[in-house]
There are 2 protein chains.
Amino acid sequence: MADSKPLCSRDGDPMAAEALLRDVFGIIVDEVIRKGTSASEKVCEWKEPEELKQLLDLELRNQGEASEQILARCRAVIRYSVKTCHPRFFNQLFSGWDPHALAGRIVTESLNTSQYTYEIAPVFVLMEEEVLKKLRALVGWSSGDGVFCPGGSISNMYAVNLARYQRYPDCKQRGLRALPPLALFTSKECHYSIKKGAAFLGLGTDSVRIVKTDERGKMIPEDLERQIGLAEAEGAVPFLVSATSGTTVLGAFDPLEAIADVCQRHGLWLHVDVSETWRRGLRLRSSQLTRLCSAHPRADSVAWNPHKLLTAGLQCSALLLRDTSNLLRRCHGSQASYLFQQDKFYDVALDTGDKVVQCGRRVDCLKLWLMWKAQGGQGLERRVDQAFALAWYLVEELKKREGFELVMEPEFVNVCFWFVPPSLRGRQKCPDYSERLAKVAPVLKERMVKAGSMMIGYQPHGTRGNFFRMVVANPALTRADMDFLLNELERLGQDL
Amino acid sequence: MADSKPLCSRDGDPMAAEALLRDVFGIIVDEVIRKGTSASEKVCEWKEPEELKQLLDLELRNQGEASEQILARCRAVIRYSVKTCHPRFFNQLFSGWDPHALAGRIVTESLNTSQYTYEIAPVFVLMEEEVLKKLRALVGWSSGDGVFCPGGSISNMYAVNLARYQRYPDCKQRGLRALPPLALFTSKECHYSIKKGAAFLGLGTDSVRIVKTDERGKMIPEDLERQIGLAEAEGAVPFLVSATSGTTVLGAFDPLEAIADVCQRHGLWLHVDVSETWRRGLRLRSSQLTRLCSAHPRADSVAWNPHKLLTAGLQCSALLLRDTSNLLRRCHGSQASYLFQQDKFYDVALDTGDKVVQCGRRVDCLKLWLMWKAQGGQGLERRVDQAFALAWYLVEELKKREGFELVMEPEFVNVCFWFVPPSLRGRQKCPDYSERLAKVAPVLKERMVKAGSMMIGYQPHGTRGNFFRMVVANPALTRADMDFLLNELERLGQDL
């Protein structure tokens, strides 16, 4: 019986637990932070699934293992994992890292609390409020509400749920069957989470009306107006427009001012999904870039993911609201008496857990707060400057080379382009050109991954065949990395 | 312009970044792991919100700060945070820690990847599959599906969404308005996330029919049968029963066999919310405890939170499915072409991201996998033995003391009891006894938090006034901690 020996480690020895953690931390510094960010090391160590299963020995058994074996397992996990902080990982918007954000994340993990009551998360309740206030100020709001969500897709769902609740509070109790058919509007370039969310929320994907975009991928306000009319003519009630600032593939910015006008005319909730950027705000005062505006004060809600370009670490997704009527709490609250006791000895308005549809909620504010404290707004702004400067550099270099073709001039850090291999150059007029060009990216992707030299994403888009989408996000990138990208594609594709 | 100097740290110095992380890790070891788990230190350092705001200096400014200041901030964050790994933190089900799980969490944070494609998360795609397979085996399934979700509430929502989709696949496209009114059933002791989820999913809270419970808090199958009949008579279509194994407050186990019979008779999806325990499975072969069965092979889905009694760390929530028809992917998939390209060079079935409604998804399997490897099934089972043994010890000790009254004999690690202060002893017959007794817990709670000596939750429940809910979860607990709990309540309440 347990009369004295705690079981906090396998042998009940706190010193052993501490030693294990020190060793694991040492491995992380060596393998992830040092090697994992070194351009002279591989960005990934490709293995076929069956081989990787063998190498990892994944099976969970009845017998425990000794510390040395656990350390070997940590090394193997790191070895075969993709190094997303590596300067040649261009595959996702969350590439790169920030040491202060990582420090905040490790502190968060060690404190292991849930962001629902002041009682057990006093620091983080106050800190989340402060961080959200700052993010709102960057949108242009002096008041409002908000919450960190488990990812941008769920932030978007929150916005849709809040918009329908605001218009039809009955919905919470009586459900969608008590409501007229609803319609929401977004462009065909929007993130796929809008449709996923509509299905999950019971609205159905048909309730999402797709607005046309111009040749740059921006929503056309006139078509939005037209779609609203069409929906109404079909008996549906328009309630929300989801605009996007920095679309996933092209990095396009919807014209928020014009869209806000349409929303105002029709009384619609304006949500702005800035999941793919955090541009406005920190960049607000920059002359060069004010033509882009990613989060508009006339919006009702903004979804913003500092885990992308801000490298706060997965996940850090804020939903910001202009609302000051306690909409979040009214829409989501259920007053669970075991958690949100009303006879507590402190102000129970500090128990923010009833604002959300989750119960336990991870602490996602510390990593952003600590990074911001360390870098200052200035430092973060400098990063965006650098990302833009590098993106423009890449575009210029790319234009100088024969084998590269821009999909369009970028206005954001997404640079979309084709690599045209030697055998296809000058053959644009051949009937099978597009078809053959579309097959190039997958081949190059396989080669780069198997070589471990870099990773960059590709996709088809509308009528366009596969092209690469480069995202300049990692704050550690330099011109040399841009040159490498182009050289490496040439090297990998020279025989095609 | 950025031609050479990376901005990965404020001064662009990788060595400084590494040094910062080493220092932060040292602080964590000293302040969280060593002091934070020491019974001679405080479990919390209470401050009024306004004072705490001042102490933390939360404001985010334009200027960055030097490393020494960042380290001081980390120390302050830890100092004023509640120590959930402390042996006197009895406040939540996720108390305590496991060094291997924490190691896994820190590795996860440092690798910073998203669990959506094999391309960028090869290790974790395979590992999640293996962990889910093992968890399913503990439920009694040799096949099936599953996914880790951001918390148990969202796992429960997934189950409800899958159940309605299975019955009415049209729902995904056409929404709930195309369906008849639906009804789902759960007991009044269920977790509050069932109602929250029903509202969020567009069903409305009215669609949740509350089934009566017996005096122990267990769902009454006959009343379930009756409620199903009532719902049908009102024109609703029953589609799901959500049973609970280990209810939040009382720790009650619904009678799954009888409920499964009802579900089978009516063709309903049986979901089991084992968010508050992981009992069956690991405890399957234990003689003493087989009368409790927390995850039943006849269930269609099981929500299971290893971040609670298993101390895997927030969050680790598995949704397990009996389904082998690819229901998750059919229900949630949207085939985003920029992420789930079908012309990849490997088997795209390994890209599991389209099973979920999120886009980016945190890696939640490594912490559980690493802990399981280290402790073995045996070690984890031993922990449950110890938790139960300590809970029984607490019950016996509590019965010996004058000032304590059990709410009921526990059958799980939740021990619910009143502390009856000296002035109320022997006055059970007084008309204001219950009212006065209900005021005791909040006062004691305030005193213990302000003293920093321990934390334990209380709540009213049905017609019962506030009582304490002790959860024996932290694997480091000993008999001495149980004695301390009783002594400390006596000390804090001696003048009441």
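Naming convention: chains lettered A, B, ... in sequence-line order (proteins, then strands); numbering from 1 in each chain.
Of the two parts of A/Leu179, only the backbone, made up of N, CA, C and O, holds a non-hydrogen atom closer than 4.5 Å to a non-hydrogen atom of chain B. Neither the backbone nor the side chain of A/Val125 comes within contact range of chain B, judged by heavy atoms closer than 4.5 Å. Of the atoms belonging to A/Arg164, it is side-chain heavy atoms, and not backbone ones, that fall under 4.5 Å from chain B. Of the two parts of A/Met455, only the side chain, counted from C-beta on, holds a non-hydrogen atom closer than 4.5 Å to a non-hydrogen atom of chain B. Residue A/Lys439 does not touch chain B at all, counting heavy-atom pairs closer than 4.5 Å. Of the two parts of A/Asp170, neither the backbone nor the side chain holds a non-hydrogen atom closer than 4.5 Å to a non-hydrogen atom of chain B. In this structure, chain B has a heavy atom under 4.5 Å from the side chain of A/Asn91, while its backbone stays farther away. Neither the backbone nor the side chain of A/Gln69 comes within contact range of chain B; no heavy atom of the residue lies under 4.5 Å from a heavy atom of that chain. If you measure heavy-atom distances from A/Ile120 to chain B, the contacts under 4.5 Å come from both the backbone and the side chain. Looking at A/Leu350, the atoms closer than 4.5 Å to chain B (heavy atoms on both sides) all sit in the side chain, from C-beta outward. With a 4.5 angstrom heavy-atom cutoff, A/Cys171 touches chain B only via backbone atoms.
Rounding to the nearest 0.5 Å places CZ of A/Arg22 at 10.5 Å from CZ of B/Arg22. Note that CZ of B/Arg73 and NZ of A/Lys373 are 3.5 Å apart. Values are rounded to the nearest 0.5 Å. In this structure, NZ in A/Lys196 is found 4.5 Å from OG in B/Ser334, a value given to the nearest 0.5 Å.
Looking only at side-chain heavy atoms (C-beta outward), A/Ile33 and B/Ser110 stay at 4.5 Å or farther from each other. Taking 4.5 Å as the limit, every side-chain heavy atom of A/Ile28 sits out of range of all side-chain heavy atoms of B/Leu111. A/Ser153 has its side chain out of reach of B/Val357: every pair of non-hydrogen atoms, C-beta onward, lies at least 4.5 Å apart. Contact check for A/Thr108 versus B/Arg105: no side-chain heavy atoms found under the 4.5 Å cut-off. Residues B/His332 and A/Phe200 have side chains in contact (heavy-atom distance under 4.5 Å, counting atoms from C-beta outward). Looking only at side-chain heavy atoms (C-beta outward), B/Val24 and A/Phe25 stay at 4.5 Å or farther from each other. The shortest side-chain heavy-atom distance between B/Thr113 and A/Ser81 does not fall under the 4.5 Å cut-off. In this structure, the side chains of A/Trp372 and B/Arg61 stay at 4.5 Å or more apart for every pair of heavy atoms.
For A/Lys53 and B/Glu129, the salt-bridge test passes: some basic side-chain N is under 4.0 Å from an acidic carboxylate O. Using a 4.0 Å cut-off between charged side-chain N and carboxylate O, B/Lys445 and A/Glu119 make a salt bridge.
In terms of modelled atom types and a separation under 3.5 Å, the side chain of A/Gln341 and the main chain of B/Tyr458 share a donor-acceptor contact.
When B/Leu56, B/Leu52, B/Val77 are each tested for a side-chain contact (heavy atoms from CB on, under 4.5 Å) with A/Met127, only one passes: B/Val77.
Between A/Trp46 and B/Tyr346, the ring planes are tilted. Angles from 30° to 60° get that label.
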